[in-house]
> 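Quick one: this structure, given as structure tokens, is what I'll be asking you about.
Each chain gets a letter, A, B and so on, in the order its sequence line appears, and its residues count up from 1. Everything quoted here is computed from the prediction, not taken from an experiment. The figures that follow rest on heavy atoms only: side chains count, while hydrogens, waters and symmetry mates do not.
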Amino acid sequence: MLNKSQVQYCLDVMKEMYPQAQCELDHANPFELLIAVVLSAQCTDNLVNKVTSSLFQKYTTPEDYLAVPLEELQQDIKSIGLYRNKSKNIRKLCQMLIDDYGGEVPKTKQELMKLAGVGRKTANVVASVAFNEPAIAVDTHVERVAKRLGICRWKDSVLEVEQTLMRKVTKDEWADTHHRMIFFGRYYCTAKNPQCSECPLLTLCREGQKRMKKKNAAKT
DNA sequence: AACTCGGGGCA
DNA sequence: TGCCCAGAGTT
């Protein structure tokens, strides 16, 4: 298992691999961030980014999403997939924000998870990025990367992965951790056919070492 | 833990 | 074509 300084090294390397143009979502206000992350479920980020720029011009408050017919909102987000569920969820979510939170986005992940269409991952992203709350978002990419590198155990649950990460990452980088690991997992440490031989973290990667050994054995 | 939801991207 | 995707909700 990787110790704290090794994990820190991994995150430093991932930071350098991360493109200059940081995720625009970082700079959005909490409400826009929340909407964007809810929309991003099960579709790629650049697909969502295509929609959000025009979406956030048209809709700026929870009331705005409720002011138009459902069909109009569906049309506006149609191109990202799952738009029927997502548009309904967003309206439900906005209604809850108005009714229960005075139109503001709640700050803790416990409150965020009560909202429609907001699960553990979305709640953690919004809480940590927008409000600097103690949380690290874990999705399939983060989980895979953490397990391959040896940050946590293979059989750890999502919750255990999250807790291990919070133990091994310094507090002021919690908000950034999921962006780096997700990007690394999406474009380098891919689920299928990861290019381990070109990976800068190969020397300390548990799974990478195993794969390279296998590859060499197959050659000879 | 397993299943469903589903449009677009990509090979 | 067929498979996959920065998940969440329900059973």
Side-chain angles (χ1 to χ4, degrees), chain A residues 11 14-15 17-19 21-28 30 32-56 70-97 105-106 109-130 135-149 154-162 165 173-195:
Chain A
L11 288 176
M14 289 178 197
K15 187 177 187 177
M17 299 167 80
Y18 200 78
Q22 280 258 339
C23 192
E24 312 162 11
L25 305 182
D26 289 356
H27 309 295
E32 290 184 353
L33 177 64
L34 177 60
I35 298 291
V37 181
V38 168
L39 290 179
S40 76
Q42 280 303 97
C43 75
T44 53
D45 53 342
N46 44 12
L47 200 55
V48 173
N49 287 341
K50 274 186 205 163
V51 178
T52 47
S53 52
S54 59
L55 198 67
F56 292 158
L70 180 60
E71 292 73 23
E72 188 174 337
L73 180 57
Q74 286 181 343
Q75 281 302 314
D76 289 337
I77 66 169
K78 193 174 178 189
S79 62
I80 66 174
L82 295 173
Y83 63 93
R84 275 183 272 265
N85 287 337
K86 285 177 181 175
S87 51
K88 276 186 214 159
N89 277 341
I90 284 184
R91 283 165 71 95
K92 218 185 285 178
L93 182 158
C94 288
Q95 191 65 59
M96 291 172 80
L97 287 180
V105 179
K109 56 181 179 181
Q110 287 81 6
E111 293 299 314
L112 284 161
M113 279 178 65
K114 292 180 186 171
L115 300 171
V118 178
R120 175 157 212 94
K121 184 240 168 184
T122 305
N124 282 357
V125 171
V126 175
S128 62
V129 174
I136 293 180
V138 176
D139 67 356
T140 55
H141 293 297
V142 174
E143 185 177 349
R144 180 179 66 251
V145 170
K147 289 181 176 178
R148 278 185 180 164
L149 282 171
W154 273 109
K155 55 175 170 182
D156 280 349
S157 65
V158 177
L159 194 60
E160 287 171 319
V161 176
E162 185 183 327
L165 275 172
E173 296 199 341
W174 284 359
D176 216 34
T177 298
H178 74 279
H179 275 166
R180 297 189 203 172
M181 292 186 68
I182 284 168
F183 183 83
F184 180 75
R186 176 78 181 89
Y187 297 103
Y188 295 92
C189 195
T190 49
K192 282 203 275 182
N193 304 322
Q195 301 300 309

> Would you indicate what A:A116 reaches in the nucleic acid, counting non-hydrogen atoms under 4.0 angstrom: base, sugar-phosphate, or nothing?
sugar-phosphate
> If the test is side chain to side chain contact (heavy atoms under 4.5 Å, CB included), which one of A:N124, A:V161, A:V125, A:L165 qualifies with A:I136?
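Option passing the side chain to side chain contact (heavy atoms under 4.5 Å, CB included) with A:I136: A:L165.
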> With respect to the side chain of A:K192, which nucleotide from C:dC5, C:dC4, B:dG9 is positioned closest?
C:dC4
> Please report the distance, rounded to the nearest Å, between OH in A:Y83 and C1' in B:dG8.
12 Å
> Nearest to the side chain of A:Q42 - C:dA6, B:dG8, B:dG6?
B:dG6
> Pick base, sugar-phosphate or nothing for A:K50, based on heavy-atom distances below 4.0 Å to the nucleic acid.
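Sugar-phosphate contact only - A:K50 comes under 4.0 Å of backbone atoms but never of a base.
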> Under a 4.0 Å threshold between the charged nitrogen and the carboxylate oxygen, would A:K15 count as salt-bridged to A:E173?
no
> Mind listing the residues from residues 70-82 of chain A sitting with a heavy atom below 4.0 Å of DNA chain B? Number order is fine.
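Nucleic-acid contacts, sorted: A:K78, A:S79, A:G81, A:L82.
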> Closest-nucleotide mapping onto DNA chain B: is A:N85 or A:T44 further toward the 5' terminus? I mean the 5' end.
A:N85
> B:dG6 phosphate, OP1 or OP2: any side-chain N/O from A:R84 under 4.0 angstrom?
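So the side chain of A:R84 is within the cut-off, an N or O lying under 4.0 Å from OP1 or OP2 of B:dG6.
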> Once you measure the plane-to-plane angle for A:F183 and A:Y18, does it fall in the parallel (<30°), tilted (30-60°) or perpendicular (>60°) bin?
perpendicular
> For A:Q42 and A:S40, indicate whether the former's side chain and the latter's backbone hold a donor-acceptor pair under 3.5 Å.
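Not a single qualifying donor-acceptor pair exists.
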> Look at A:T122 and C:dA8 and indicate whether a side-chain polar atom (N or O) is within less than 4.0 Å of OP1 or OP2.
yes
